Trainee: 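Just dropping this structure here.
Keep in mind that the numbers below use all heavy atoms, side chains included, and drop hydrogens, waters and symmetry copies. As the structure is a prediction and not an experimental result, all values here were calculated from the model. Atoms within each ligand, like the ligands themselves, are counted from 1 in listed order.
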Amino acid sequence: MPQRLVIGNWKLHLTAAEAVALASAVAEGLGGFEWDPARVGVGIAPSYPFLVPVGQAIGGADARVDLVAQACHPEPQGAFTGAVSVEQLASVGVRRVIVGHSERRRVFGVDDPQVTRTVNRVLGAGLSAVACVGETLAERDSGRAREVVLGQLDAVLEGVKGSALGRLIVAYEPVWAIGTGQVATPAQAGEVHGWIHERLASFDPNGSQVPVLYGGSVKPGNIAELASTPGIDGALVGGASLEAESFLKIVQGVLKAS
Ligand code: PGA
């Protein structure tokens, strides 16, 4: 069984003080119930400027909660104004990096070749990559969901070398479900997770151990059903990760289903 995980993607939200307060509340809340990170890993992804204080708030290098970055640039250094490298992220204690989120693809022009290079750099630096794939509503409606998702997954896998696969996490995030309140039904999500698991297993004998998370309007009210759907190994949570209470309920939901 792949590891189960819940990752909160805070996107462009919160001030420094709010981010630290939320991180502390999450870490404290996790201590309030029987949470075992080996059963369900938990990560939080604040904006770049808050990685250091948030990392401290969750316990520094020994933290049981993973510090996650929302993106990174594939180049290690150089004249890339505004960019942040995986080496820089590693140097402040980041353990995982989200790569190819649909908002990065749509708003910032990140394409499949860049996703390949970034996955390669993140895994090569010894960090874990949370690689996002997902179709738009137009692509789904025209019957192209499978082709689009597996095409994006192939670009991700092109960046994976050998045992680095053990540090890969895939997130299926249908673009039409992100921030819209329109969650994919367990049947819709389960079908796509099946395609992804199948492709991972044919890519490598260890591919069956790669966790595949669902993301897109995950809430405390729908996590039980999603987490008990075969092939869904956890959640990448946007809006509902901005309040400790709802995020903790989602973690509990995944714990119960595991
Ligand atoms: P959402 O975002 O939970 O707000 O839909 C999910 C994501 O973009 O990771």
Trainee: Just jot down the ligand 1 atoms closer than 4.0 angstrom to any heavy atom of A177, in number order.
Mentor: 5 (O)
Trainee: Would you tell me whether H101 and E173 have side-chain atoms, one donor and one acceptor, within less than 3.5 Å of each other?
Mentor: yes
Trainee: Which atoms of ligand 1 have any heavy atom of N9 under 4.0 Å away?
Mentor: 9 (O)
Trainee: So, does A240 sit close enough to ligand 1 that a heavy atom of it is under 4.0 Å from the ligand?
Mentor: no
Trainee: Applying side-chain hydrogen bond (donor to acceptor under 3.5 Å, both in side chains), can you list everything that pairs with Q114, at least two apart in sequence or on another chain?
Mentor: none
Trainee: Should W35 and V65 be marked as a side-chain contact (heavy atoms from CB on, under 4.5 Å) after you check the CA-CA gap, both sets of side-chain angles, and the distance that decides it?
Mentor: CA-CA 11 Å; W35 169 62; V65 176; 4.2 Å; yes
Trainee: Considering Q70, K11, E103, E173, which one's heavy-atom position lies nearest to atom 9 (O) of ligand 1?
Mentor: E173
Trainee: Is a side-chain donor-acceptor pair under 3.5 Å present for Q88 with Y48?
Mentor: no
Trainee: So which protein heavy atom does atom 3 (O) of ligand 1 come closest to, and at what separation?
Mentor: G238 N, 2.9 Å
Trainee: For A25 versus L248, what's the shortest heavy-atom pair and its separation?
Mentor: O-CD1, 4.2 Å
Trainee: Between ligand 1 and G179, can you find any atom pair, the residue atom being a heavy atom, that is separated by under 4.0 Å?
Mentor: yes
Trainee: Which atoms of ligand 1 have any heavy atom of H101 under 4.0 Å away?
Mentor: 7 (C), 8 (O), 9 (O)
Trainee: Would you call the rings of H73 and F80 parallel, tilted or perpendicular, where under 30° means parallel and over 60° means perpendicular?
Mentor: tilted
Trainee: Should you measure from each heavy atom of G239, which atoms of ligand 1 turn up under 4.0 Å away?
Mentor: 1 (P), 3 (O), 4 (O)
